[in-house]
There are 2 protein chains.
Amino acid sequence: MTTDSEQPNTDFRPEARAPRGFADKRARDLRAERAILEAVSAVYERYGFEALDTGAFEYADALGKFLPDSDRPNEGVFALQDDDDQWMALRYDLTAPLARFAAQNWETLPKPFRRYAFGPVWRNEKPGPGRFRQFIQCDADTVGSARPEADAEIIAMAVEGLEAAGLPRGTAVLKINNRKLLNGLLTAAGADSAGQKLAVLRAVDKLDRLGVDGVRLLLGEGRLDESGDFTKGAGLKGKAVDQVLDFVQAGSTGGRAATLDNIARVVAGSAEGDEGLLELSRIDAALSSLGIADDQAFIDPSIVRGLEYYTGAVFEAELLLSTTDEKGNKVSFGSIGGGGRYDDLVARFTGNVTPATGFSFGVSRLAAALRAAGREPGGAARGPVVVITFDQAHMGEYFSVVGQLRAAGIAAEVYLGTSGMKPQMKYADRRGAPAVVMLGGDEIAAGTVTIKDLDAGRMAAEGLTDNAAWKAERPGQQTIPRDQLVDAVRKIIGG
Amino acid sequence: MTTDSEQPNTDFRPEARAPRGFADKRARDLRAERAILEAVSAVYERYGFEALDTGAFEYADALGKFLPDSDRPNEGVFALQDDDDQWMALRYDLTAPLARFAAQNWETLPKPFRRYAFGPVWRNEKPGPGRFRQFIQCDADTVGSARPEADAEIIAMAVEGLEAAGLPRGTAVLKINNRKLLNGLLTAAGADSAGQKLAVLRAVDKLDRLGVDGVRLLLGEGRLDESGDFTKGAGLKGKAVDQVLDFVQAGSTGGRAATLDNIARVVAGSAEGDEGLLELSRIDAALSSLGIADDQAFIDPSIVRGLEYYTGAVFEAELLLSTTDEKGNKVSFGSIGGGGRYDDLVARFTGNVTPATGFSFGVSRLAAALRAAGREPGGAARGPVVVITFDQAHMGEYFSVVGQLRAAGIAAEVYLGTSGMKPQMKYADRRGAPAVVMLGGDEIAAGTVTIKDLDAGRMAAEGLTDNAAWKAERPGQQTIPRDQLVDAVRKIIGG
C-alpha cells in the first residue's frame with residue numbers, strides 16, 4: 001500500500017481509538033440486532049418483498065439534493081472523489097440507493113417492485129452521547145404502485161414486523177394519516193401557498209408538546225414562549241384555525257371507521273381532501289381484510305412525519321411500552337419508525353413520476369427501545385462452558401470434553417491462556433460462562449468430570465434464590481461420570 | 001444538506017448508475033451469503049467465539065502500514081479527512097480493526113480474546129470483471145494465546161465452519177504449515193538474510209505452477225521463462241536447494257503423523273525448525289482430540305500463504321470440488337480462505353508483542369465457489385404466490401386469501417399494479433412465483449379459488465418431466481374450495 005520509504009518509524013505508536021461517532025458493537029448488541037433483522041426479514045419475505053443490498057457508495061449526484069462541493073465535500077455525508085474525479089458519498093439512507101437502483105434497472109424489474117433492505121447508513125454529523133455517525137436501518141418499499149392497497153400492505157407488514165421483532169400486540173401501534181387531507185382543507189380555506197402550508201404542518205407537529213392552545217396560536221398570528229421568544233404563526237384566519245384544530249383532533253377511539261367519518265365532516269368539499277379520504281378508506285378496508293385491527297393501526301390526523309418529502313399517506317410506529325434508561329428513570333421513546341408515500345425520487349433520474357411507498361426503522365434504535373422496556377431482543381446471551389486447563393499433558397482430555405459438548409450443540413472451549421486457577425475462573429465469569437468443567441488427574445483416572453455451576457452462583461449472589469429445594473437441585477459443584485456431562489450442563493443452562 | 005440556492009436545476013437528471021466496482025446484490029446472492037454467515041456463525045459461537053463489529057472507518061494511522069498522504073489519500077483505501085483534520089479510512093480487512101479494538105480495550109477484555117466478525121471491507125483498487133471494491137469477509141481470531149492449541153481450534157473451527165456452509169467432508173480441506181520450519185532450515189543452511197528467505201518463499205509459492213524443476217531453478221541461480229524473461233533466483237547452493245525441495249515435498253498421504261516424521265528428518269538440527277515442528281505436533285494432537293481427521297486437515301509444507309505477515313503456523317482452505325463457470329467451462333477455484341499466526345499487530349499500538357492467530361474467508365467468494373460446484377447456498381430461492389387482481393371491488397377477497405397463505409408461513413402477495421392478466425402472469429413468472437391464485441366473480445360466489453401451478457409449467461417447459469403419472473398429480477390448473485388452498489399450495493411448493 002505504501003513503499004518502504006514511507007513506512008512509519010517503528011517507534012511510532014498510534015493511539016488505539018475508534019473514530020469519533022463510530023461504535024464498537026459487542027455480542028449483546030449484535031445478538032439483539034440480528035434477532036430483530038432475522039424476525040423482520042422473515043415477515044417481509046412472507047409479504048413477497050425481495051431482498052436487495054446496494055454498495056456503500058453512491059455517486060453524489062444520485063444522492064438527492066446533495067451537490068458535491070470540493071471545498072466542503074463532507075457536508076452531511078461522507079464523500080470523496082474517485083480516481084476518475086467523480087464524487088462518491090456513503091449512503092445516508094436506503095431510499096436514495098433504491099431510487100437509483102430502480103431507475104437503473106426499471107426495464108427488467110418485476111413491477112411493482114417490492115424490496116426490503118437493511119444495512120449501515122452513514123451521516124457526517126456532530127457525534128454525541130447516543131448519537132452515532134453510522135447506524136443500521138431496515139426499509140421496505142413498493143415502487144410503481146399508486147394503489148392505496150400498497151400502503152396498506154406496508155402498514156400491515158410493519159405491524160407484523162414489529163410484533164415479530166419482540167413487540168407483541170398492544171405494545172406498539174402504527175398511526176396513519178394522509179398529507180392530502182390537511183392540504184385540501186387549507187386550499188379550500190384559501191391558505192394555499194407552500195410556505196403557509198409548511199408553517200401549518202410545523203404548528204401541527206408541535207401538538208404533543210404545546211397542546212391545542214399552543215398550536216392555535218401558531219396557526220394564527222404567532223406564539224410568545226416562556227423565554228419571551230416570539231414564533232411567527234402561519235397566519236390562518238379564525239375559521240381556518242378551527243378547521244385545522246378540528247381536523248387534527250378528529251382521531252376517534254371508536255376505530256378507523258369512526259375516525260374516517262369525523263375526517264369526512266371536516267374536509268368535506270375539498271377535492272384533494274376527498275382524494276385523501278378515499279385513499280384512507282381503501283387503506284382501512286385492505287387492513288381489515290388483512291386482519292389488522294383498530295388497536296394495531298389507527299388513523300391519527302395529527303401525525304405529520306417529515307415536512308416536504310411525503311406526498312400522500314404517512315405512517316408512524318409508536319412504542320406504547322413504558323421505558324426506563326439505564327439509571328431506571330422513565331424515558332419516552334415515542335416514534336420507532338415511519339414512512340409514507342413519495343412520488344418524486346425515481347423521477348429525479350428518469351423524469352417519470354413513479355409512485356412509491358415505504359416504511360423504515362432504525363435497528364439499533366428499536367433494539368434500544370426493546371431493552372429500555374425490559375425485553376432483551378434475542379434473549380439473554382450465554383457464554384461458553386469453559387474447561388479449565390491444569391496441565392499441558394492433559395490437553396487431549398480437555399479437547400475431547402469440549403468436542404463432546406459442541407457435538408451436543410453446547411458452546412464450549414478450553415481455556416487457552418497460561419494463567420492459574422483463579423484467573424481462569426475470572427475469565428469464565430467475564431465470558432458469562434454458565435459452568436466450568438474441571439478435569440484433574442483424579443477425574444481423568446476415574447473417568448469423571450467436576451462441574452461448577454456458575455449460573456447458580458450468580459443467582460445466589462444476586463439474592464435471586466433462597467429456596468432450599470431449588471438449592472438442593474442445583475449443587476454448586478458436582479463430580480459425575482463423563483458420559484453424564486452433556487445432561488448435567490443442559491440442566492444448568494436450561495434451569 | 002444544502003441551502004436552497006445550491007439545489008440542482010430541476011431539469012438536471014443524473015444518470016442512474018452504481019459507482020464503479022460496487023455491486024447491487026439481489027435476493028439470490030443475499031440468500032446465499034446469509035445462509036453461509038448464519039451457518040458459520042453458529043459454529044464459531046459453539047467454539048466460544050464472541051461476535052464483534054467495529055465501525056466502517058478506522059483512523060488511518062491505525063490501519064497498519066498505511067500512511068495518509070493528502071496528495072493521494074486513496075492509495076489502496078478509501079480515505080477522507082474528518083472535521084478535526086484526522087484522516088480516516090474505510091477498513092480494508094477485519095484484522096486491523098480487531099488489533100485496534102484489542103489494544104484499546106485490553107485491560108477489560110477476557111483473555112485470551114476469542115472473537116469472530118463479518119461484514120463489508122473496502123479496497124480502493126481498479127475494478128474489473130469479478131473484481132469489486134467492496135466485499136464481505138468473515139474472520140475468527142484468538143488474541144493473547146501463544147499455545148499451538150489455539151491454532152488447532154482455529155483450524156478445527158474452519159473445517160466445521162466450511163462443512164456447515166455447504167462443503168461436506170471430502171469437498172474441502174485445510175492445509176497447515178509452519179513458517180518456522182523453512183526459516184530454521186534456511187538459517188541452518190546459512191541462508192539467513194531476510195531478502196534471501198523472501199526469495200525462497202516466493203519460489204516455493206510457485207510450486208503448483210512451475211513444478212519441482214522450475215522451483216529448483218528459482219531456488220538457485222534463476223530461471224529463464226518461455227518468453228525469454230530471466231527471474232533471478234534465491235541464490236541457494238546445491239545442498240540447501242535439495243533440502244528445501246525435500247521439505248516442500250515432505251507432505252505424506254499417510255496423514256499428519258507421517259508428514260511430521262518426514263519433516264523431522266529434513267529440518268533436524270535447526271532450533272527454529274524444531275520449535276515449528278513441536279508446534280505442529282501439538283496442533284496435530286489437539287486436532288485429533290477434537291476429532292479432526294487427516295482428510296479434513298493435513299500438513300502441507302509447500303503452503304506459503306502470504307509473505308511477510310505470518311510468524312508461525314499458516315493455514316489455507318482449499319476447495320476439492322470441480323467447478324465450472326457460467327458457460328460450463330472447468331475453472332479452478334483453489335484457495336477459499338486462509339490464516340495463520342501473527343504476533344505484531346497489537347504491538348503496533350501497545351508495544352507489547354501479543355500472540356494472535358486467525359482464519360479469514362471471503363463470503364461472496366465462498367458463495368461463488370459453492371455455486372460453481374453446483375451447490376446453491378441456502379437452497380433455491382422461491383418467489384411469493386401471486387394473487388391476480390381482476391377487480392378493485394374484490395380487493396378484500398384477494399387480501400383475505402394472501403392473509404390465509406401468510407398465516408400458514410407461505411410467501412404471498414396481491415398483484416398491486418394496474419395491468420391486465422397477461423402482464424400479471426409475466427410478473428408472477430419474473431418473481432419466480434410457484435403458483436398464481438385467481439379469484440374471479442364465479443370463484444368468489446362459489447367460495448372457491450383457481451390455482452395455476454407455475455412450477456409444473458416451468459418443469460414441463462424445461463423438459464424435466466414427461467412422466468404421465470407425475471403430470472396427472474400436478475394438474476396445471478385446478479379450482480378447489482378455498483379452505484383447501486393452503487394444502488394445495490404446499491403440495492406445489494413441496495413437490
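Residue numbers start from 1 in every chain, and the chains themselves are labelled A, B, ... in the order their sequence lines are given, proteins ahead of strands. This is a predicted model, so every value here is computed, not measured.
Only the side chain of B/F113 has a heavy atom closer than 4.5 Å to any heavy atom of chain A. Of the atoms belonging to A/D429, not a single heavy atom falls under 4.5 Å from chain B. With a threshold of 4.5 angstrom between heavy atoms, B/L52 approaches chain A through its backbone and through its side chain. The contact between A/E38 and chain B is made entirely by side chain atoms (from C-beta outward), counting heavy-atom distances below 4.5 Å. B/L405 does not touch chain A: none of its heavy atoms, backbone or side chain, sits under 4.5 Å away. For A/F135, no part lies near chain B; criterion is any non-hydrogen pair under 4.5 Å. B/D29 does not touch chain A: none of its heavy atoms, backbone or side chain, sits under 4.5 Å away. Residue contact with chain A, scored on non-hydrogen atoms closer than 4.5 Å, is absent for B/S288. When heavy atoms are compared at a cutoff of 4.5 Å, B/R133 approaches chain A solely by way of its side chain, counted from C-beta outward. Looking at B/A347, only its backbone comes within 4.5 Å of chain A, counting heavy atoms on both sides. Only the side chain of A/R34 comes within contact range of chain B, with at least one heavy atom under 4.5 Å from a heavy atom of that chain. With a 4.5 Å cut-off on non-hydrogen atoms, B/Y44 does not touch chain A at all. Residue A/R382 does not touch chain B at all, counting heavy-atom pairs closer than 4.5 Å. Interface remark: B/Q404 contributes no atoms to any contact with chain A (heavy atom separation under 4.5 Å). For a residue to count as touching a neighbouring chain, one of its non-hydrogen atoms must lie under 4.5 Å from one of that chain's; by this rule B/Q134 touches chain A with the side chain only.
Residue with the most contacts toward chain B among A/P355, A/A51, A/A150: A/A51 (heavy-atom pairs, distance under 4.5 Å). The candidate with the highest count of non-hydrogen atom pairs below 4.5 Å against chain B, out of A/V346, A/D84, A/V43, is A/D84. For the options A/E50, A/E160, A/Q86, heavy-atom pairs under 4.5 Å to chain B are most numerous at A/E50. Taking chain B as the reference chain and counting heavy-atom pairs below 4.5 Å, the highest number among A/S289, A/G291, A/A16, A/P423 is found for A/A16. Chosen from B/M395, B/K126, B/M88, the residue pairing most often with chain A at heavy-atom distances under 4.5 Å is B/M395. Of the listed residues (B/E153, B/E45, B/E397), the one with the most heavy-atom contacts under 4.5 Å to chain A is B/E153. Counting heavy-atom pairs under 4.5 Å between each of B/A27, B/P110, B/G403 and chain A puts B/P110 at the top. In terms of heavy-atom pairs under 4.5 angstrom with chain A, the leader among B/F132, B/Y398, B/Y59, B/W122 is B/Y59. Among A/T54, A/T108, A/D53, A/V386, the residue making the largest number of heavy-atom pairs under 4.5 Å with chain B is A/D53. When each of B/A285, B/G396, B/G144, B/S41 is checked for heavy-atom pairs under 4.5 Å with chain A, B/G396 comes out on top. Note: B/P112 leads B/P112, B/P384, B/G55, B/G383 in heavy-atom pairs under 4.5 Å with chain A.
Between the B/R406 side chain and the A/G48 main chain, no donor and acceptor come within less than 3.5 Å of each other. At least one donor-acceptor pair under 3.5 Å links the side chain of B/S145 to the backbone N or O of A/L416. In this structure a side-chain-to-backbone donor-acceptor pair under 3.5 Å is present from A/R430 to B/L109. In this structure, A/R46 contributes its side chain and B/I410 its backbone to no donor-acceptor pair below 3.5 Å.
Within the 4.5 Å cutoff, side-chain heavy atoms of A/D83 are placed close to those of B/R20. Between B/K111 and A/Y427 the shortest side-chain heavy-atom distance does not fall below 4.5 Å. By the 4.5 Å heavy-atom criterion applied to side chains, B/E15 and A/Q104 are not counted as neighbours. Looking at heavy atoms from C-beta onward, A/L290 lies in side-chain contact with B/V402 at the 4.5 angstrom threshold. Here the side chains of A/P19 and B/E58 are in contact, with some heavy-atom distance below 4.5 Å.
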Check step by step if side-chain contact (heavy atoms from CB on, under 4.5 Å) holds for B/Q392 and A/R147.
CA-CA 10 Å; B/Q392 176 65 33; A/R147 286 185 186 268; 2.7 Å; yes

Item to complete: Evaluate the side-chain contact (heavy atoms from CB on, under 4.5 Å) criterion for residues A/L80 and B/Q81: first the C-alpha distance (whole Å), next the side-chain angles of each, then the deciding distance (0.1 Å), finally the verdict.
Response: CA-CA 9 Å; A/L80 49 81; B/Q81 210 166 2; over 6 Å; no

**Request:** Show your working on side-chain contact (heavy atoms from CB on, under 4.5 Å) between B/R100 and A/R17 and close with a plain yes or no.
**Result:** CA-CA 7 Å; B/R100 188 270 305 158; A/R17 76 271 183 229; 5.6 Å; no

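Going from atom CD1 of B/I292 over to atom CZ of A/F399 covers 11.5 Å, rounded to the nearest 0.5 Å.
Aromatic ring orientation, A/F57 versus B/F22: perpendicular (interplanar angle above 60°, classes split at 30° and 60°).
A salt bridge is absent between B/R13 and A/D61: the closest approach of a Lys/Arg side-chain nitrogen to an acidic carboxylate oxygen does not fall below 4.0 angstrom.
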